[in-house]
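Here's the structure we're looking at; comments come further down.
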Amino acid sequence: NIGAVIPAEQNARMPMDAAEALLEIPGVSASRMSQHGVDVLVRGQSATQLNVLLDGGYIHGGCPNRMDPPTSFALLPSFDRVVVKKGVQSVLYGLGGSGGTILFERDTANKAAQEGVQGSAGISGTSNGAGGMAYADGLLSNGSAYMRAYGAYQDADSYDDGEGRTVPSASTKTSGGAALGYRLDAQSGLELNVDLVRADNTLYAGADMDSPKDDMNTYRFKFWDQKIEGAVSGIKFEAWRSDVDHLMDNYSLRVPPASKNMYRSAPSEVTTQGMRLILSSMPQAALKLNYGLDYQDVSRQGSVVNPYSATPTTALFWLWPNAEFSSMGAFAEGEYSVSAIQRIKAGLRVDSVSSSVDGSLKGSIATNPMVPLSVRQAALADQDNTAVGGLLRYEHDLDKDLTAFAGLSRSVRQPDATERYVLKASPTGIAWLGNPSLDPETHHQIDLGLSGKSKATHVQWDAVLFYDKVSDYVLRDTNRGAIAGVSPTATIYRNVDATLWGGEFSAQWMFTKGWLTYGSLAYVQAKNTTDDRHIAQIPPLNGRVGLEYMRSDWSAGGRVRF
């Protein structure tokens with residue numbers, strides 16, 4: 001039920017967007033905005049239904065329409081592993097996460113235990129959307145103090161679809177970063193990290209605009225000590241800040257409108273700040289506890305202007321009117337070994353959540369006269385709530401080669417700034433409208449699974465079934481008269497009840513020395529039970545099959561995804 005990707009060893013081609021590497025994991029799919037802008041789906045859930053952490057911290061992109069999800073800023077070769085936790089398997093990584101948690105992790109401090117210089121470099125390319133990538137990653141350490149630096153250049157042209165039609169999707173991306181750290185000993189240390197990404201001239205076939213610029217700066221600090229004596233046996237503190245500067249327009253990278261009166265530019269800025277404190281205790285040998293606090297604050301500002309008007313910096317309307325989101329959470333999670341063959345994991349977290357906008361900005365969802373009065377009034381009111389989530393998981397080794405597990409969870413996913421506060425307007429009406437009165441989604445999930453292996457036949461396999469009953473699912477829909485005074489074709493958001501269910505199966509067989517074949521299937525079904533309708537943008541039945549030949553230093557193989 002946990003998938004891991006080791007980028008340097010398992011992916012011959014480094015994709016423009018790190019989300020593409022995750023498609024090798026059963027139950028993980030993606031929707032594509034461009035080659036920079038591949039949005040991950042896990043068991044049919046996406047966007048802020050997933051907790052995506054890059055080296056311990058959160059990043060939120062600058063586009064309300066998800067041109068730049070968090071994975072688009074991840075330089076894949078600079079991470080030592082990527083772990084996908086499907087569903088709710090932990091409460092340590094923030095509120096929500098109903099669909100799962102994706103952890104892009106670096107292991108720099110442990111690598112730095114080896115003195116001297118180490119690293120890797122590579123180059124890769126692709127034929128369709130002709131382009132390539134070159135990267136380098138190096139680490140210098142004296143066993144205690146260390147420095148790691150990495151960088152990459154990626155360039156891709158637009159690709160052709162199955163009918164030979166060119167799909168505008170070109171992008172150029174430059175990424176880099178560095179980490180400075182000090183190992184106090186094998187189990188403690190501190191580290192400071194900086195990551196920079198510059199994505200330029202990205203084309204988006206399915207959007208009204210392209211993106212001349214998408215810049216990200218991230219700063220992180222970590223301190224850890226896992227050898228404390230006393231009631232608290234370990235501590236880990238992380239703090240982070242990311243700044244995203246995003247620009248969209250409808251004229252510089254595509255055939256512009258006939259009249260400059262219709263030229264549109266959409267600058268946006270998003271700042272994400274947060275911290276996490278995790279304490280560990282082992283009151284007895286069979287029980288390990290992790291508990292602590294976390295905080296996150298997200299500030300989003302985005303407007304649409306006409307750069308050739310008499311007032312080129314005045315907003316025609318506000319996509320994000322200085323939208324503020326903050327949460328403060330407390331959590332505790334324990335793992336208990338009942339016996340050598342039975343394990344229980346339980347967790348609880350409580351979050352205090354608040355969101356608001358700047359009600360003084362003209363042309364926002366809170367002030368635009370075309371917006372119905374009830375919606376404007378709701379936008380001016382702060383949205384505060386307390387979210388309670390938790391999990392209970394049980395694992396049982398039925399024999400030495402067969403393990404069963406069952407999990408129950410409750411999680412609460414908060415509507416994001418786009419769902420609550422977005423506005424896209426013109427003199428003729430509203431095309432896209434948020435809903436400030438949305439209630440948070442509440443997910444109650446169960447998953448059941450079996451995993452087995454056979455040393456005699458060299459076969460390993462996993463099978464999982466899951467069911468998720470959702471109250472107040474946030475549905476992106478067409479208005480169709482639901483909001484009086486707004487075009488029936490406008491995009492809106494509303495709460496409905498929903499169910500999601502499905503399953504995953506994967507297996508691999510080492511049928512002779514050095515030869516491995518594998519395959520997987522995944523299926524998810526999602527239904528809006530309020531209206532008795534299926535939910536859109538849910539992955540169909542999908543899977544993969546592959547064959548690999550592996551030696552100590554070389555490997556060759558092929559795979560097909562469908």
Side-chain angles (χ1 to χ4, degrees), residues 1-4 51 53 56 81 83-97 100-101 103 105 107 109-110 113 183-191 222-238 275-295 328-351 387-412 444-453 462 464:
N1 203 35
I2 296 178
N51 286 338
L53 283 75
R81 60 184 167 270
V83 179
V84 177
K85 298 176 179 288
K86 304 171 197 169
V88 180
Q89 296 190 34
S90 177
V91 297
L92 303 182
Y93 301 105
L95 78 165
T101 298
L103 306 174
E105 297 182 337
D107 206 15
N110 284 334
R183 302 174 71 253
L184 300 172
D185 54 42
Q187 299 183 70
S188 61
L190 54 108
E191 181 178 300
K222 302 177 184 179
F223 170 76
W224 65 95
D225 189 345
Q226 301 300 324
K227 61 171 185 56
I228 302 174
E229 295 183 1
V232 176
S233 60
I235 182 172
K236 184 176 183 180
F237 175 77
E238 298 172 289
M275 60 185 67
R276 180 185 304 109
L277 174 66
I278 299 179
L279 304 177
S280 301
S281 296
M282 293 190 68
Q284 53 181 279
L287 176 62
K288 181 178 180 180
L289 298 175
N290 290 304
Y291 49 95
L293 302 169
D294 57 18
Y295 171 76
M328 173 67 78
F331 53 84
E333 183 173 287
E335 296 183 50
Y336 180 63
S337 296
V338 180
S339 67
I341 62 171
Q342 297 180 78
R343 298 166 295 280
I344 294 176
K345 182 178 184 179
L348 176 70
R349 70 172 295 130
V350 180
D351 293 274
V388 179
L391 68 94
L392 179 64
R393 296 181 71 82
Y394 172 71
E395 291 185 8
H396 190 142
D397 298 331
L398 302 177
D399 61 39
K400 64 178 182 178
D401 295 324
L402 183 64
T403 298
F405 77 87
L408 294 170
S409 68
R410 170 193 165 96
S411 57
V412 181
H444 292 93
Q445 300 187 59
I446 181 171
D447 55 350
L448 305 169
L450 282 172
S451 64
K453 60 183 178 180
D462 297 272
V464 180

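For the numbers below, each heavy atom of this structure counts, side chains included, while hydrogens, waters and symmetry mates do not.
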State the [atom1]-[atom2] distance between [X] and [Y], to the nearest 0.5 angstrom.
X: L348; Y: R410; atom1: CG; atom2: CZ; value: 10.5 Å
X: L287; Y: S337; atom1: CG; atom2: OG; value: 9.0 Å
X: N110; Y: Q187; atom1: CG; atom2: CD; value: 10.0 Å
X: Q226; Y: I235; atom1: CD; atom2: CD1; value: 9.0 Å
X: Y295; Y: L293; atom1: OH; atom2: CG; value: 13.0 Å
X: F331; Y: I278; atom1: CZ; atom2: CD1; value: 4.5 Å

Are the side chains of [Y] and [X] in contact, using a 4.5 Å heavy-atom criterion?
X: D294; Y: D351; answer: yes
X: V464; Y: F405; answer: yes
X: L391; Y: Q89; answer: no
X: I341; Y: D399; answer: no

Review point. Under a 4.0 Å N-O cut-off, is there an ion pair linking R276 with E238?
Key: yes

Review point. Taking 4.0 angstrom as the limit, do K86 and D447 come out as a salt bridge?
Key: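 Here K86 does not pair with D447 in a salt bridge, since their nearest N and O are not under 4.0 Å apart.
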
**Study point:** Audit row: K288, E335, salt bridge (Lys or Arg N to Asp or Glu O under 4.0 Å) steps and yes/no
**Key:** CA-CA 5 Å; K288 181 178 180 180; E335 296 183 50; over 6 Å; no

Search all heavy atoms of [X] against all heavy atoms of [Y] and return the closest pair with its distance.
X: R349; Y: G329; answer: NH2-CA, 3.7 Å
X: G390; Y: V91; answer: CA-CG1, 4.4 Å
X: L448; Y: A406; answer: CD2-CB, 3.5 Å

Exercise for review: State whether the number of non-hydrogen atoms from other residues, nucleotides or ligands found under 6.0 Å of K453 atom NZ is greater than 12.
Suggested key: no

Check your understanding: Can a donor-acceptor pair be found between the side chains of E333 and S90 at a distance below 3.5 Å?
Key ->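 Yes, S90 and E333 have a side-chain donor paired with an acceptor closer than 3.5 Å.
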
Check your understanding: Can you list the steps and then say if E105 with D107 is a side-chain contact (heavy atoms from CB on, under 4.5 Å)?
Key -> CA-CA 7 Å; E105 297 182 337; D107 206 15; over 6 Å; no

Donor-acceptor under 3.5 Å ([X] side chain, [Y] main chain):
X: S411; Y: G389; result: no
X: Q445; Y: L408; result: no
X: D185; Y: S188; result: yes
X: D225; Y: K227; result: yes
X: S280; Y: S233; result: no

Check your understanding: After noting the C-alpha distance and the side-chain angles of N51 and L103, does the key distance pass the side-chain contact (heavy atoms from CB on, under 4.5 Å) rule?
Key -> CA-CA 8 Å; N51 286 338; L103 306 174; over 6 Å; no

Review point. Which one of R343, K345, Q342 satisfies the side chain to side chain donor-acceptor pair (under 3.5 Å) criterion with E395?
Key: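 The passing option is R343.
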
Practice item. Take L398 and L450 through the side-chain contact (heavy atoms from CB on, under 4.5 Å) test and state the conclusion after the steps. Key: CA-CA 10 Å; L398 302 177; L450 282 172; 4.1 Å; yes

Exercise for review: Go through the steps for Y291 and V232 under the test side-chain contact (heavy atoms from CB on, under 4.5 Å), then give the verdict.
Suggested key: CA-CA 10 Å; Y291 49 95; V232 176; 3.6 Å; yes

